[in-house]
Amino acid sequence: MCTGMNLLFKNRKGLSLIEILISVLLMSIIFLGVSSLYLASRKLYVASSEKSIIGYEIQYAIQHIYKNTMAAIGDETAAPGTSAIDVPSAERVDLRINNNDPVTSSNYSTVTTYSYYKSGNTLVFNNGSAESLIPKVTVTAVNFTKTTNVLTGYITATYGSQSLTFYFSCYPRLGTFN
């Protein structure tokens with residue numbers, strides 16, 4: 001049997017050092033391509049996750065502001081301090097809320113003031129007790145503007161390495177009593 005094996009491998013040479021080096025080089029190039037694709041997709045995933053978190057948080061804050069602005073009540077033409085929306089500074093808005101349902105001419109003046117303002121790195125909602133409205137993100141800028149009876153503004157927040165700005169516009173409902 002030994003002679004049969006010798007005849008079987010008689011004309012075979014083995015792998016040369018050059019062939020091994022070329023195969024290692026090709027495998028390294030393929031590995032580098034796959035790893036760079038993985039790292040790029042991971043970076044994209046992290047960035048989109050951070051933007052999603054900012055989006056959810058700011059969307060919640062804007063919906064909260066909108067809901068309370070819709071409940072705001074006041075008289076734009078009456079004495080100062082009776083408007084539905086007051087903007088004492090660009091980073092603060094005060095809303096006069098009537099929590100009675102339904103609002104009638106007899107309970108119209110029963111209002112509570114709700115406030116939204118930037119304090120440090122957060123947006124604060126104050127309805128008698130102050131609380132951070134969106135604690136997961138860092139609020140870098142808040143701007144409230146009142147034009148006639150419309151509240152407009154923007155909120156800029158960061159999370160991780162991402163930053164987003166959301167703009168909004170809302171107005172209190174208008175009603176009359178007969």
Side-chain angles (χ1 to χ4, degrees), residues 39-178:
L39 291 175
S41 64
R42 174 85 176 136
K43 186 177 179 181
L44 180 64
Y45 170 76
V46 168
S48 63
S49 294
E50 290 174 350
K51 285 184 178 182
S52 293
I53 290 170
I54 296 170
Y56 288 135
E57 291 291 305
I58 294 180
Q59 180 183 4
Y60 172 77
I62 290 173
Q63 286 175 341
H64 201 276
I65 293 168
Y66 185 78
K67 178 187 77 161
N68 285 316
T69 302
M70 287 292 293
I73 194 165
D75 191 347
E76 199 62 35
T77 60
T82 61
S83 175
I85 304 168
D86 290 317
V87 181
S89 72
E91 290 187 341
R92 180 184 180 99
V93 64
D94 297 327
L95 305 172
R96 297 178 73 239
I97 307 293
N98 184 315
N99 290 318
N100 296 312
D101 192 22
V103 176
T104 63
S105 58
S106 62
N107 66 16
Y108 176 79
S109 61
T110 307
V111 294
T112 306
T113 300
Y114 289 3
S115 300
Y116 295 93
Y117 54 90
K118 183 180 181 300
S119 177
N121 290 330
T122 189
L123 181 64
V124 175
F125 169 63
N126 189 344
N127 63 348
S129 63
E131 65 178 276
S132 176
L133 192 59
I134 47 177
K136 288 184 183 177
V137 297
T138 301
V139 177
T140 56
V142 173
N143 185 295
F144 297 106
T145 307
K146 179 185 168 192
T147 309
T148 311
N149 206 26
V150 178
L151 176 65
T152 59
Y154 63 84
I155 301 172
T156 302
T158 61
Y159 185 81
S161 63
Q162 301 298 314
S163 179
L164 290 175
T165 300
F166 282 67
Y167 296 87
F168 64 90
S169 178
C170 48
Y171 51 91
R173 62 179 180 226
L174 303 175
T176 60
F177 299 107
N178 293 327

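Values below: all heavy atoms of this structure, side chains included; hydrogens, waters and symmetry mates excluded. Because the structure is a prediction, the values reported are computed rather than measured. Just so you know, residue 1 is the first one in the sequence shown, and it goes up from there.
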Let me see the working for Thr156 and Thr165 under side chain to side chain donor-acceptor pair (under 3.5 Å), right down to the final yes or no. CA-CA 4 Å; Thr156 302; Thr165 300; 2.8 Å; yes
Donor-acceptor pair, Lys146 side chain versus Ile85 backbone, under 3.5 Å? yes
So for atom OH, which belongs to Tyr159, do other residues, nucleotides or ligands contribute more than 12 heavy atoms lying within a distance under 6.0 Å? no
Taking side chain to side chain contact (heavy atoms under 4.5 Å, CB included) as the definition, give me every residue that meets it alongside Lys51, ordered by chain and number, with sequence neighbours left out. Gln162, Leu164
Would you give the length of the straight line joining atom CE of Met70 to atom CG of Leu95, rounded to the nearest 0.5 angstrom? 12.5 Å
With sequence neighbours left out, the residues meeting side chain to side chain contact (heavy atoms under 4.5 Å, CB included) with Ser49 are Tyr45
Does anything in residues 115-127 pair up under side-chain hydrogen bond (donor to acceptor under 3.5 Å, both in side chains), and if so which pairs, sequence neighbours excluded? His64-Tyr116, Asn68-Tyr116, Arg92-Ser115, Asp94-Ser115, Thr122-Ser132
Check whether any side-chain heavy atom of Val87 lies under 4.5 Å from a side-chain heavy atom of Leu151, and answer yes or no. yes
Hey, could you give me the CG/CD1 distance between Leu133 and Ile58, rounded to the nearest 0.5 Å? 11.0 Å
Enter the distance from Tyr154:OH to Thr145:OG1 here, rounded to the nearest 0.5 Å. 8.0 Å
Any idea which heavy atoms bring Val124 and Ala130 closest together, and the distance? CG1-CB, 3.8 Å
Backbone N or O of Val111 within a donor-acceptor pair of the Asn98 side chain at under 3.5 Å? no
Looking at every heavy atom in both Val150 and Ser169, which two are closest together, and how far apart are they? CG1-OG, 3.5 Å
In terms of relative ring orientation, are Tyr114 and Phe125 parallel, tilted or perpendicular, with 30° and 60° separating the classes? perpendicular
Closest contact, heavy atoms only, Tyr66 versus Cys170: CD1-CB, 2.9 Å
Heavy-atom nearest pair, Pro172 first then Ala72, reads CB-O, 3.6 Å
When rounded to the nearest 0.5 angstrom, what distance separates OG1 in Thr69 from CD1 in Ile62? 11.0 Å
Can you confirm whether Ile65 sits close enough to Val93 that some side-chain heavy atom of one is under 4.5 Å from a side-chain heavy atom of the other? no
To the nearest 0.5 angstrom, please state how far the CD atom of Gln59 sits from the CD1 atom of Ile155. 11.5 Å
